[in-house]
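See below for the structure under consideration.
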Amino acid sequence: MPALSLEQVRNLCMRRGFVFPGSAAYGGLGSFWDYGPLGVEMLNNIKQAWWHDAVYERDDMEGVDAAILMSRKVWQHSGHEATFSDPLVDCKACKSRFRADHVPLPPIGDPLREEVRRHAASNGAGGEPAVWPTRWDGEELVVSDETGDRRFSEDDQRRVGLVHKLIPCPKCNEFDWTEPRNFNLMFQSHVGPVAAAAGTDEEKAARVYMRPETAQGIFMNFAHVQRSMARKVPFGIAQIGKAFRNEITPGNFIFRTREFEQMEIEFFIKPEQYVQEGEKTDEQWHQEWIDRRFHWWLKLATPPSAGNQEMEEIEQRFRKRAQTADELAHYAKATTDIEYLFPGSLGWGEIEGVANRTDFDLTAHSKDIPEDDLKRLKLEDNKDSNEKFDYFDPDAKKRYVPWVIEPSAGVTRAMLTFLCEAYDEEFVKEPSKQDIDQIKSDAAMIKNNAEKKIKQAEKDIAAGKEAKHDPVQVREFLDKLEDVVTRLPESLSEVLLTLDHPGAQNLEPVKKFRPPTEKFMDEISRTVLRLHPRLAPIKLAVFPLKKNNAGLVELAQKIQRTFQKRFRTIYDDSAGIGKLYRRQDEIGTPYCITVDFESLEDGTVTVRERDTMSQERVPVDTLHDYLLPRLELG
RNA sequence: GCGGGUGUAGCUCAGUGGUAGAGCAUCACGUUGCCAACGUGAUGGUCGUGGGUUCGAGUCCCAUCACCCGCUCCA
């Protein structure tokens with residue numbers, strides 16, 4: 001069973017060297033994370049597996065590694081400077097937060113709506129709200145400026161209406177809004193020494209953005225790659241690299257961070273109007289990449305030990321979801337997300353987007369954009385570019401700007417996905433009936449006590465006093481506990497988790513119950529990461545059965561050294577054999593080798609498999625052939 | 001940014017104004033022949049940070065930072 005809460009995965013990551021909080025010595029820095037010895041191995045393994053699938057195994061793909069910092073003009077023409085931002089307002093009354101451009105206007109016919117319109121019209125430029133950029137949408141949006149030349153689109157009305165507090169909060173119907181604030185999600189810096197104040201020409205000329213996506217670096221290199229590698233469309237370019245977004249709300253561990261790593265492909269194809277009989281359309285290419293990428297996720301989420309039933313269960317935690325029209329980014333014709341069912345409150349989360357970006361980007365970066373393309377793509381003419389990103393198709397004898405299919409995934413988010421899926425707490429000993437009864441009676445005690453606390457809290461609240469407990473939360477906790485207890489012993493793994501419920505806080509019997517239960521759970525269970533061997537940070541661990549026997553130690557170290565030339569290995573003799581196995585289980589090491597006294601006589605060792613804990617005697621000189629196919633490297 | 005919660009040893013946590021604790025982990029010695037063994041001892045904390053109240057603060061107050069949950073977001 002995969003992780004039940006993100007907390008479990010987080011815990012394991014920090015304890016065992018996958019992920020550490022960034023800048024920890026100085027109290028940390030909002031949602032930046034460092035990757036430890038095992039984390040960096042796993043990230044590398046993910047990237048390698050992706051690169052292998054995206055580049056090596058295809059004959060229509062190339063790779064690049066573009067600079068993180070690019071000309072500001074790249075981001076102006078890609079649309080990111082203007083639209084890669086979210087205008088937000090808060091309702092001060094009910095504390096709800098909305099995207100300013102998503103707040104519904106009062107319905108047509110509502111007098112309020114007329115008032116909004118009147119206000120917008122009469123105020124003119126003078127009453128213009130502190131202008132905050134909203135989502136430009138080609139002809140639909142009207143630019144407000146000093147000339148007063150504008151039309152009042154829905155968005156303008158909304159903008160004015162919000163600032164003048166003429167639109168009610170859709171939740172509580174109050175008119176108490178904060179100033180809409182616009183967050184551009186790009187980090188800024190400057191190239192060279194700049195002393196000029198923000199907003200001046202000098203400052204703007206030196207300004208650069210940390211790239212919010214690696215994609216633009218690929219577009220910049222489309223023509224280079226096409227010419228230098230003599231490629232014909234269709235072909236694609238892959239890139240792995242860091243990207244930066246000043247997210248308003250990062251969080252959920254490494255799910256959303258402000259610095260992250262992307263694995264992106266831009267696959268260049270014929271525009272739809274030139275596709276001939278028997279050739280793949282943009283929609284077919286799109287679907288092909290969706291399926292290929294989906295398969296990649298499933299393959300690496302499934303350990304070789306999985307049976308049919310496990311495979312079915314894993315499949316149910318992955319899905320494809322086509323984005324609706326209003327979700328689409330400014331550049332996309334269609335996007336299908338691949339989503340994973342993360343544990344706990346996170347739920348379904350996007351792990352990859354496969355977008356049909358048409359010729360939006362390449363056209364936007366081209367000089368002298370034809371009139372009809374400007375209109376169709378809602379672009380501004382590009383006088384800044386030196387390049388025309390078109391391509392002469394020798395077969396079709398046509399010159400065109402290729403369309404592009406973009407599969408785009410996050411490396412760090414992939415790591416979280418695979419960790420959540422691989423995480424398992426498994427019982428290795430049957431819990432006795434006494435143990436179960438003990439838990440049941442403890443739970444009854446907790447319930448008894450909590451009922452009293454609820455009554456007390458309700459009394460306090462009725463008397464207008466501050467209550468020590470939130471009766472609703474405590475009740476919620478009790479319901480959860482009750483549910484878990486009635487399903488014992490199947491639900492054993494959920495017992496401790498239940499105690500993390502906010503309603504369980506400050507309940508005396510809960511505090512007493514936790515330590516012995518934790519100890520008991522430790523005794524009867526093991527934590528194991530059922531990672532695909534390709535993703536496992538450590539591929540092999542070698543132990544001597546006894547560390548105070550020189551012969552065993554020597555042979556074990558010799559075996560370890562043989563394999564460390566091929567992949568990441570570990571030698572360990574710092575504990576009893578059972579504990580050594582458990583340690584490796586917890587970090588997902590697929591195979592352990594134990595050297596015992598028999599090994600010294602007949603040259604065989606015990607190979608122990610992670611998922612099944614099964615053991616096999618294997619001659620030392622055939623270990624290589626035994627392990628390599630099972631590790632599925634390459 | 002807003003609301004709620006949390007912050008004590010490497011980890012999990014106890015400690016409700018009066019001498020900073022437990023289990024696990026780590027290290028040393030002894031013991032230990034395949035799935036989280038045991039004994040003895042040791043190391044380790046200016047209680048997130050900065051102010052304040054008090055004879056005295058881990059505990060009360062204020063500020064601040066980080067993390068968690070929700071709003072939000074989308075790789």
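Not measured: the values here are computed from a predicted model. Reminder, nothing fancy here: chain letters follow the sequence lines and each chain counts from 1.
Of the P atoms belonging to B/U16 and B/C11, the separation is 23 Å, rounded to the nearest Å. Taking atom C1' on both nucleotides, B/U46 is separated from B/C38 by 37 Å, rounded to a whole Å. Distance noted for atom P between B/G17 and B/U59: 11 Å (whole Å). The separation of B/G5 from B/G48, taken at their C1' atoms, amounts to 16 Å, rounded to a whole angstrom. Taking atom P on both B/U8 and B/C13, the two are 9 Å apart, rounded to the nearest angstrom. Here, B/G1 and B/U64 have their P atoms 10 Å apart, quoted to the whole Å. Comparing the same atom, C1', in B/G7 and in B/G56 gives a spacing of 24 Å after rounding to whole Å. Taking atom P on both B/U12 and B/A20, the two are 24 Å apart, rounded to the nearest angstrom.
Closest contact between the side chain of A/Arg10 and the listed nucleotides B/G70, B/C67, B/A75 involves B/C67. The nucleotide whose nearest atom lies closest to any side-chain atom of A/Arg413 is, among B/C68, B/C69, B/C74, B/C74.
The partner of B/U53 cannot be assigned: no Watson-Crick or G-U wobble pair with both contacts below 3.5 Å exists in any strand. Nucleotide B/C13 has B/G21 as its partner under the Watson-Crick or G-U criteria, with both atom distances under 3.5 Å. Across every strand in view, B/U40 sits in a pair with B/A28 that passes the Watson-Crick or G-U test at under 3.5 angstrom. Pair check for B/G3 finds B/C69; Watson-Crick or G-U wobble, both atom distances under 3.5 Å. Pair assignment for B/C35 gives none, since no Watson-Crick or G-U wobble pairing has each distance under 3.5 Å. When both distances must be under 3.5 Å, the Watson-Crick or G-U wobble mate of B/U64 is B/G48. Across all strands shown, B/C74 remains unpaired; no Watson-Crick or G-U wobble contact has both distances below 3.5 Å.
Rounded to an integer number of Å, the gap from A/Gln8 CD to B/C69 P is 13 Å. Atom P of nucleotide B/C69 and atom CG of A/Leu497 are separated by 13 Å, given to the nearest angstrom. Rounding to whole angstrom units, CE of residue A/Met14 and C1' of B/A66 are separated by 11 Å. For the pair A/Phe253 CZ and B/C69 P, the computed distance is 11 Å after rounding to whole Å. Computed from coordinates, the A/Lys320 NZ to B/C74 P distance equals 23 Å when rounded to whole Å. One atom, CD1 of A/Ile351, and another, P of B/A75, lie 13 Å apart when rounded to the nearest Å. Separating the CD atom of A/Glu213 from the C1' atom of B/C74 is a distance of 13 Å, rounded to the nearest angstrom. One atom, CH2 of A/Trp33, and another, P of B/A66, lie 12 Å apart when rounded to the nearest Å.
We find that A/Lys242 and A/Glu261 are not joined by a salt bridge, their nearest charged nitrogen and carboxylate oxygen being 4.0 Å or further apart. Comment: A/Arg292 engages A/Asp53 in a salt bridge, judged by a side-chain N to carboxylate O separation of less than 4.0 angstrom. A salt bridge does not link A/Arg530 to A/Glu421: none of the charged side-chain nitrogens sits closer than 4.0 Å to a carboxylate oxygen.
Comparing A/Thr412 and A/Ser345 along RNA chain B, the residue whose closest nucleotide (by nearest heavy atom) sits nearer the 5' end is A/Ser345.
Among the protein residues, A/Thr214 comes within range of no part of the nucleic acid, since none of its heavy atoms lies under 4.0 Å from any strand.
Taking the side chain as every heavy atom from C-beta outward, A/Pro21 and A/Trp33 approach each other to under 4.5 Å.
Atom CE of A/Met445 has 12 or fewer heavy atoms from other residues, nucleotides or ligands within 6.0 Å. Remark: A/Glu554 CD is loosely packed, at most 12 non-hydrogen atoms of other residues, nucleotides or ligands lying under 6.0 Å away. More than 12 heavy-atom neighbours from other residues, nucleotides or ligands sit within 6.0 angstrom of NZ on A/Lys511.
Cation-pi geometry between A/Arg321 and A/Trp348 is not satisfied (NZ or CZ under 6.0 Å from the ring centre, within 45° of the ring normal).
Judged by distance alone, the side chains of A/Glu81 and A/Tyr209 do bring a donor and an acceptor atom under 3.5 Å apart.
The salt bridge (charged side-chain N to carboxylate O under 4.0 Å, His left out) search around A/Arg16 returns A/Glu586, not counting sequence neighbours.
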Checklist outcome for this item: Per-nt protein contacts along nucleotides 30-46 of chain B (heavy atom under 4.0 Å; B base, S backbone sugar-phosphate only, - none) come out as --BBBBBS---------
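Of the residues A/Tyr423, A/Trp297, A/Tyr340, the one that meets the ring pair (Phe, Tyr, Trp, His ring centres under 6.0 Å) test with A/Phe418 is A/Trp297.
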Which pairs, protein N/O on one side and nucleotides 12-16 of chain B N/O on the other, fall under 3.5 Å?
unit_1, atom_1, unit_2, atom_2, d
B/U12, OP1, A/Asn11, OD1, 3.2
B/U12, O2', A/Glu518, OE1, 3.2
B/U12, O2', A/Glu518, OE2, 3.0
B/G15, OP1, A/Lys511, NZ, 3.3
B/G15, OP2, A/Lys511, NZ, 3.3

